[in-house]
Amino acid sequence: MILVTGGAGFIGANFILDWLQVTDEPVLNLDKLTYAGNLENLASLAGDARYVFVQGDICDRPLVERLLQRYRPRAIVHFAAESHVDRSLHGPEAFLRTNVDGTFTLLEAARAYWSELPAAEKAAFRFHQVSTDEVYGSLSPEAAPFTEAHPYRPNSPYSASKAAADHLVRAWHRSYGLPVLTSHCSNNYGPYHFPEKLIPLVIVNALAGKPLPIYGDGQQVRDWLYVGDHCAAIRHILAAGRPGESYNVGGGNELANLDIVQKVCALLDALRPRPGGESGGESDGKSDGKSDGKSDGKSYARQIRFVADRPGHDRRYAIDASKLERELGWRPAESFASGLAKTVRWYLDHPDWVARVQSGAYRDWLQTHYGEP
Ligand code: NAD
Ligand code: DAU
């Protein structure tokens with residue numbers, strides 16, 4: 001089996017769902033269930049004997065050691081992290097704790113477990129660090145995209161904590177021989193994305209008649225990748241990546257934030273036109289939600305509001321993923337247009353998921369589903 005950390009989050013949940021569609025190899029999901037962990041993402045696996053969930057903290061070394069001894073995974077895929085840049089600016093401590101101490105704890109527990117494995121299992125074992133393109137820092141408009149050789153220049157507490165974790169992972173390979181793999185992915189989007197991040201926030205706010213906040217001038221560029229393509233890339237790297245190597249993962253979809261928001265608005269305009277009547281898609285978010293069933297004929301784009309910029313805001317990320325394509329044959333399956341349309345439809349089709357995330361009811365899932373206190 002494989003051990004996945006942070007599997008109740010956005011990418012981890014997509015990864016587990018994809019994994020169990022393409023293989024029968026069991027998955028142990030270790031997740032603390034912070035605000036970002038949502039077991040409802042994995043509700044379709046209820047009763048599936050290939051899936052085990054343990055609520056726990058990656059900083060809890062005795063727990064991690066017990067799990068490794070009991071389940072004897074052949075690989076660890078490490079997603080667990082505090083992941084939101086804006087939260088890291090308000091409260092960096094949790095980022096240092098989970099992203100740095102947590103990765104250190106996992107590495108030490110993995111090293112102890114791995115060093116005792118029989119030779120063949122030892123050689124086959126992998127520790128996959130799911131990192132980010134943000135560790136490379138910010139690019140000027142004309143600079144070439146990040147390659148794996150780009151120096152680390154993190155600019156936010158989040159990216160600094162991920163960079164620190166990556167350095168530990170690298171050192172555990174060089175110093176102790178632990179067979180590690182590191183991937184640096186660009187911005188993901190898709191189903192189960194927590195609506196604090198740009199794309200799901202814009203979808204959810206637009207439908208609620210609330211403002212669509214754009215930081216600064218909205219000309220910051222990100223390189224967007226559909227989450228399913230990231231999951232496939234991790235499977236490729238886990239299967240055939242060379243221990244000690246890093247692989248960039250990206251979609252080659254560089255877009256300014258304002259363009260992204262306008263594209264989301266255009267999709268919503270086509271699929272779910274703004275309501276008319278009382279609610280009228282009011283942009284102050286104070287409407288009473290009543291609609292006469294007709295559209296007001298205006299675009300959701302009228303809800304866009306420019307707000308104060310994010311401190312230290314990275315201007316541009318762009319990924320050169322040619323190493324992954326050349327060495328392991330990975331290419332994204334989704335274009336940005338197809339992936340974004342799928343994503344917007346997913347949110348329109350899952351109003352209950354959105355409502356339970358917004359009300360906080362998703363955090364009752366353990367009680368609702370397992371009857372736990
Ligand atoms: P997320 O915030 O949606 O999910 C994080 C998960 O980790 C949650 O389920 C949370 O409960 C869990 N977690 C947090 N602290 C924990 C702890 N101490 N012990 C155990 N579990 C803990 O994050 P995401 O967007 O799914 O990102 C997953 C990983 O991918 C992160 O490492 C992130 O740095 C990386 N990444 C994300 C993106 C992106 O666009 N979202 C892009 C590149 C890389
Ligand atoms: O690049 C990979 C990274 O992508 C991951 O490592 C992070 O975990 C993930 O959160 C994401 O970081 P970003 O900061 O790029 O994502 P976010 O969705 O928070 O913001 C995307 C861009 O949109 C960024 O330039 C900030 C801007 N933004 C964001 C929000 C939430 C706005 O303009 N308004 C907003 O309200």
Side-chain angles (χ1 to χ4, degrees), residues 4-15 29-39 41-42 54-60 63-64 77-89 94-95 97-99 101-103 105-106 129-136 138 146 154-156 158-159 161-162 165-166 183-190 192-202 205 211-225 227 230-231 233-234 248-250 255-258 260-261 304-310 313-319 363:
V4 168
T5 70
F10 162 49
I11 306 176
N14 276 284
F15 178 81
N29 175 16
L30 171 62
D31 196 299
K32 184 178 172 182
L33 298 185
T34 67
Y35 79 93
N38 183 349
L39 284 184
N41 299 350
L42 297 160
V54 173
Q55 182 175 10
D57 192 330
I58 56 166
C59 299
D60 181 346
L63 171 67
V64 176
V77 186
H78 177 32
F79 293 97
E82 289 292 337
S83 71
H84 191 33
V85 173
D86 294 326
R87 284 182 192 257
S88 82
L89 294 163
F95 288 72
R97 188 177 172 280
T98 286
N99 301 1
D101 284 353
T103 303
T105 305
L106 268 185
Q129 162 74 351
V130 182
S131 186
T132 166
D133 59 358
E134 299 205 11
V135 296
Y136 298 130
S138 187
F146 301 127
N155 292 318
S156 71
Y158 162 70
S159 54
S161 68
K162 290 294 289 187
D166 292 359
S183 52
H184 297 281
C185 192
S186 58
N187 284 62
N188 285 211
Y189 64 97
Y192 307 112
H193 206 178
F194 197 83
E196 63 183 355
K197 308 280 170 70
L198 181 68
I199 288 181
L201 181 84
V202 165
N205 277 12
L212 311 180
I214 307 247
Y215 298 159
D217 63 2
Q219 292 308 310
Q220 303 83 5
V221 169
R222 298 291 181 267
D223 183 346
W224 295 90
L225 182 71
V227 64
H230 186 190
C231 297
I234 293 173
N248 282 352
V249 187
L255 283 156
N257 293 337
L258 185 56
I260 293 283
V261 175
I304 289 174
R305 295 289 177 275
F306 288 89
V307 300
D309 207 351
R310 172 186 277 175
H313 200 170
D314 286 335
R315 197 68 184 163
R316 174 177 169 239
Y317 306 141
I319 275 279
R363 305 202 74 178

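Note that the numbering runs from 1 along the sequence shown for the chain. Basis for what follows: all heavy atoms, side chains included, without hydrogens, waters or symmetry-related copies. Numbering of ligands and ligand atoms starts at 1, following listing order.
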Taking distance alone, with no angle check, do N187 and ligand 2 share an N/O pair under 3.5 Å? yes

Please work out whether the ring planes of Y317 and F146 are parallel, tilted or perpendicular, with thresholds of 30° and 60°. tilted

Could you see which bit of V85 sits under 4.0 Å from ligand 2, with heavy atoms only: side chain, backbone, both or neither? side chain

Where the closest heavy atom to atom 33 (O) of ligand 2 is concerned, which of Y215, W224, Y317 has it? Y215

Backbone, side chain, both or neither: what part of V307 comes under 4.0 angstrom of ligand 2, heavy atoms only? neither

Which of the numbered atoms in ligand 1 are under 4.0 angstrom from any heavy atom belonging to G56? 19 (N), 20 (C)

Taking the non-hydrogen atoms of S183, is any one of them nearer than 4.0 angstrom to ligand 1? no

Going by heavy atoms, is S186 under 4.0 Å from ligand 1? yes

Using a strict 4.0 Å cut-off to heavy atoms of L33, name the atoms of ligand 1 that fall inside it. 11 (O)

Can you figure out which of H313, Q219, E196, H193 has its heavy atom closest to atom 24 (C) of ligand 2? H313

Does ligand 1 have any atom that is closer than 4.0 Å to a heavy atom of S131? yes

So, does Y158 sit close enough to ligand 1 that a heavy atom of it is under 4.0 Å from the ligand? yes

Have a look at F15, Y35, Y192, F79 and point out the one with the heavy atom closest to atom 28 (C) of ligand 1. F79

Side chain, backbone, both or neither: which applies to N257 and ligand 2 if a contact is any heavy-atom pair less than 4.0 Å apart? side chain

Atom 5 (C) of ligand 1: which of S83, G37, A81, G7 has the nearest heavy atom? A81

According to the interplanar angle, ranging from 0 to 90°, do the rings of Y35 and F194 count as parallel (below 30°), tilted (30 to 60°) or perpendicular (above 60°)? perpendicular

I'd like to know if the side chain of N29 reaches the main chain of G7, judged simply by a donor and an acceptor atom lying under 3.5 Å from each other, with no hydrogens or angles considered. yes

Check for me whether F194 has a heavy atom closer than 4.0 Å to any atom of ligand 1. no

Does at least one non-hydrogen atom of D57 fall below 4.0 angstrom from an atom of ligand 1? yes

How does N187 reach ligand 1, by side chain, by backbone, by both or by neither, if only non-hydrogen atoms under 4.0 Å count? backbone

Candidate with minimal heavy-atom separation from atom 17 (C) of ligand 1, of H230, H78, K32: K32

The one among V135, D133, L198, T98 that brings a heavy atom closest to atom 15 (N) of ligand 1: T98

Hey, does the side chain of N99 reach the backbone of R97 with a donor-acceptor pair shorter than 3.5 angstrom? no

Where the closest heavy atom to atom 14 (O) of ligand 2 is concerned, which of E82, R310, K197 has it? R310

Sequence neighbours left out, what passes salt bridge (charged side-chain N to carboxylate O under 4.0 Å, His left out) with D86? Give chain and number order. R310

Pick one of side chain, backbone, both or neither for how K162 approaches ligand 1, counting any non-hydrogen atom pair under 4.0 Å. side chain

